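So the structure is just underneath, and the comments pick up after that.
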Amino acid sequence: MGSIRGAVTRRGARSRPTLVAVAEPELSNTAIAEALEELGDLYELDGAIVHRVLAYRGAAKAVREASVSVAALARQGRAVELPGIGKTLQEKILTLAETGSIPSTERLRAKFPPGLIAITHLPGLGPKRARLLHSELGIDSPQALRAAAQGERLRTVRGLGAKLEASVLASLEEMESQPDPRAAPRVLLARAVEIGEALAAGLARLGGAGTHVQLAGSARRLTDSVKDLDLIATTTRPSTLAESLGKLEQIERVTSAGRAGARARTHSGIAVDLRIARPEQLGNLLQHFTGSGAHNAALREAAVRRGLHVSEYGILDDATATTETHATEQEVYQRLGMSYIEPELRENRGELEAARDGELPELLTLQDICGELHSHTVASDGHNTIDEMGTAARERGYEYLAITDHSASHGFGNDVSPEQLRRQIELVRAANERLEGIELLAGSEVNILPDGSLDYEDALLEQLDWVIASVHTSFAMDEQAMTGRMIAAIEHPLVGAIGHPTGRLIQRRAPYAIDLDAVFAAAARTGTMLEINANPDRRDLSDIHARAAARAGVLLVIDSDAHRTSTLANMRWGVATARRAWLTKEHVANTRSWPELRALRQQARK
DNA sequence: GCCGTTTTCGGCCCGACTGTTTTCAGTCG
């Protein structure tokens with residue numbers, strides 16, 4: 001399932017490719033994850049034990065993060081290989097895929113009105129209170145809840161009071177402007193880190209000598225987006241430091257401050273949580289507040305089996321009944337019998353087992369990157385000249401820079417005609433003569449047309465050092481067609497890499513429908529590389545997808561896709577994604593010199 | 001409902017906060 005059935009265009013064929021035949025698309029992982037989440041919510045309302053509910057939520061997460069079709073896995077009896085999915089859930093997934101629904105969902109939907117689930121998602125209200133409201137007052141929707149709160153009827157229920165009525169009304173008002181509270185606005189990582197690092201530096205300055213402040217939370221794990229900022233500090237004067245948070249220009253207001261820390265909000269609306277640690281327990285606090293929640297829960301669960309209880313304050317040993325504190329995270333992990341786990345890996349995706357077995361990868365670093373293979377100039381939609389980009393790349397310490405402007409059909413007034421590309425090649429060659437200390441490569445970011453062909457003739461592409469092929473049009477094709485389109489480009493012998501392979505824009509545009517299993521298989525077979533586009537809005541491939549690609553034997557490239565000299569620095573976010581994908585230096589092609597990389601390409605073409 | 005460096009049965013992270021409570025349940029991260 002999900003694999004290529006028909007013959008694909010032979011590598012080396014120069015004629016227009018024919019689209020490949022691919023299998024009937026399966027029920028999407030997103031749809032399965034949503035169904036499991038709904039069933040978890042319904043069981044929660046039904047009063048199931050919390051662990052059963054958590055099992056459904058854990059399974060939904062595993063399905064959402066799976067890089068292959070879970071419906072296809074379930075058909076093969078292999079969905080049980082995913083963490084948190086056992087025989088029961090595999091059966092339910094199979095039933096869902098084959099009949100379109102799950103019987104227990106249907107039964108519980110009949111029992112609880114749909115509006116009740118919405119109520120459980122309001123802050124301060126959970127399943128217990130929703131059920132109470134339903135049984136005591138007959139409340140079955142947010143509208144009914146509002147009426148009851150306004151009529152001061154909530155306080156007639158034992159355990160509820162006037163303050164809850166007020167907070168419910170406030171939450172309902174909030175919900176109207178933001179229909180799903182779980183979809184609260186998140187900030188892209190680049191912006192969050194920029195603000196977070198400024199806050200940390202500002203606090204360190206105000207705290208004076210002996211004060212250290214660092215980012216924790218999801219910003220430290222370098223996730224795609226961030227909900228709030230966690231800062232961890234050590235200082236000799238805790239109260240003074242907490243108060244000084246409000247003096248920073250980014251802070252709109254401080255909601256609380258004390259010796260243990262402070263809470264605040266930036267002018268841009270991001271919640272900030274400052275925690276002040278005693279130096280001897282900095283490791284415990286930092287480990288706790290870096291998360292992720294799933295990583296910490298799994299870590300603690302494993303520790304309990306060994307008689308150890310982990311919290312932000314230390315590790316309690318049942319054997320001695322004492323709590324030990326740890327100045328560094330290294331000591332925390334060591335005490336638990338593990339090697340140190342880099343923050344980017346802390347997602348409960350197998351890192352705990354690997355750390356116990358001493359099998360964590362040596363993650364790629366920014367310093368490993370030798371060159372940039374995707375950049376734009378004024379020839380298309382960039383803002384700097386070839387020389388300016390080359391000089392900036394050299395200043396970053398790169399050995400090479402590929403100039404890859406858009407191609408003949410790009411549109412927006414930025415298309416580069418074949419004639420213009422010929423001229424551009426000459427300009428790049430001339431600039432390469434002028435500039436010392438960096439090799440400039442003549443390249444192009446070529447459009448993959450809807451039929452899978454490219455928008456320059458092969459004879460012209462052959463004159464280039466480096467070709468990236470990307471989809472920039474017709475995003476709405478069905479999965480079969482899009483997969484065939486992409487594989488045709490992967491099969492093209494002159495294509496070095498596929499740019500931003502899924503087309504996603506974080507928080508704005510979902511990936512287009514595509515069978516990535518088939519794409520990875522084709523890329524591994526042909527040696528065509530796949531890009532991790534480092535633009536902070538894209539980070540495409542994602543961490544999950546890049547990890548699956550590497551496992552499938554695909555070689556990756558990390559590209560800034562810079563449109564001006566300053567955005568060459570976006571490489572940082574691509575490396576972050578690669579690290580979250582467990583990638584080492586060996587997985588990434590542009591950690592190699594240009595001669596080595598070129599040799600790899602030529603080898604793949606044989 | 002899942003899962004095993006004490007278990008195939010009986011467990012399943014930890015602490016803070018809030019609001020409503022005379023000792024705690026529910027929710028949250």
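Since the model is a prediction, treat every value here as computed from it, not as a measurement. Chain letters run A, B, ... following the sequence lines, proteins first and then strands; every chain starts at 1.
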>> Strictly by Watson-Crick or wobble contacts shorter than 3.5 Å, is anything paired with B:dG19, and which nucleotide is it?
In response: B:dC24

Integer-rounded Å distance: [N] [atom2] and [X] [atom1]:
| X | N | atom1 | atom2 | value |
| --- | --- | --- | --- | --- |
| A:R57 | B:dG29 | CZ | P | 13 Å |
| A:L54 | B:dC28 | CG | P | 13 Å |
| A:L45 | B:dT27 | CG | P | 11 Å |
| A:R131 | B:dT27 | CZ | C1' | 16 Å |
| A:I315 | B:dG15 | CD1 | C1' | 16 Å |
| A:L164 | B:dT27 | CG | P | 10 Å |
| A:L154 | B:dG26 | CG | C1' | 15 Å |
| A:D273 | B:dG15 | CG | C1' | 14 Å |

> Looking at A:R131, A:K128, A:R129, A:R57, which hits salt bridge (charged side-chain N to carboxylate O under 4.0 Å, His left out) with A:E44?
Replying inline: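 Running salt bridge (charged side-chain N to carboxylate O under 4.0 Å, His left out) over A:R131, A:K128, A:R129, A:R57 with A:E44 returns exactly one hit, A:R57.
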
> Are any side-chain N or O atoms of A:S292 and backbone N or O atoms of A:R346, one a donor and one an acceptor, separated by less than 3.5 Å?
Replying inline: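 Answer holds: yes.
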
> Regarding A:N296 and A:Q287, is there a side-chain donor-to-acceptor distance under 3.5 Å anywhere?
Replying inline: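 Yes, because at least one side-chain N or O of A:N296 sits under 3.5 Å from a partner of the opposite role on A:Q287.
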
> What is the nucleic acid contact for A:A271, judged by heavy atoms within less than 4.0 Å: base, sugar-phosphate only, or nothing?
Replying inline: nothing

> Which residue, A:R579, A:R220, A:R580, A:R221, forms the side chain to side chain donor-acceptor pair (under 3.5 Å) with A:E344?
Replying inline: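 With A:E344 as partner, side chain to side chain donor-acceptor pair (under 3.5 Å) holds for just one option, A:R579.
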
Suppose you measure atom [atom1] in [N] against the same atom in [M]; what distance do you get, rounded to whole Å?
| N | M | atom1 | result |
| --- | --- | --- | --- |
| B:dG1 | B:dT8 | C1' | 14 Å |
| B:dT23 | B:dC9 | P | 41 Å |
| B:dT20 | B:dG15 | P | 26 Å |
| B:dC17 | B:dC12 | P | 25 Å |
| B:dT27 | B:dT21 | C1' | 16 Å |
| B:dT6 | B:dG11 | C1' | 13 Å |

> Going by heavy atoms in the side chains, are A:T223 and A:D543 under 4.5 Å from each other?
Replying inline: no

> Looking at side-chain heavy atoms only, is the closest gap between A:L231 and A:L215 below 4.5 Å?
Replying inline: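 Sidechains of A:L215 and A:L231: in contact.
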
>> Would you say that more than 12 heavy atoms from the other residues, nucleotides or ligands in this model lie under 6.0 Å from the CZ of A:R259, or not?
In response: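 12 or below, so no.
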
> Has A:R237 got more than 12 heavy atoms of other residues, nucleotides or ligands less than 6.0 Å from its CZ?
Replying inline: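 No, CZ of A:R237 has 12 or fewer neighbouring heavy atoms, counting only those of other groups under 6.0 Å.
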
> Nearest of B:dC28, B:dG19, B:dT27 to any side-chain atom of A:K163?
Replying inline: B:dG19

> So which pairs with a foot in residues 46-103 of chain A pass ring-ring contact (aromatic ring centres under 6.0 Å, His included), sequence neighbours left out?
Replying inline: A:Y43-A:Y56

> Syn versus anti for B:dT5, judged by chi lying within 90° of 0?
Replying inline: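 This nucleotide is in anti.
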
Under 3.5 Å, N/O pairs linking protein and nucleotides 22-25 of chain B:
none

>> Output one letter per nucleotide in nucleotides 1-14 of chain B: B when a protein non-hydrogen atom lies under 4.0 Å from the base, S when only the sugar-phosphate is that close, - when neither is.
In response: BSS--BB----BBB

>> Measuring from atom CD of A:Q281 to atom CG of A:L286, what distance do you get when rounded to the nearest 0.5 angstrom?
In response: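 Interatomic distance, A:Q281 CD to A:L286 CG, rounded to 0.5 Å: 12.0 Å.
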
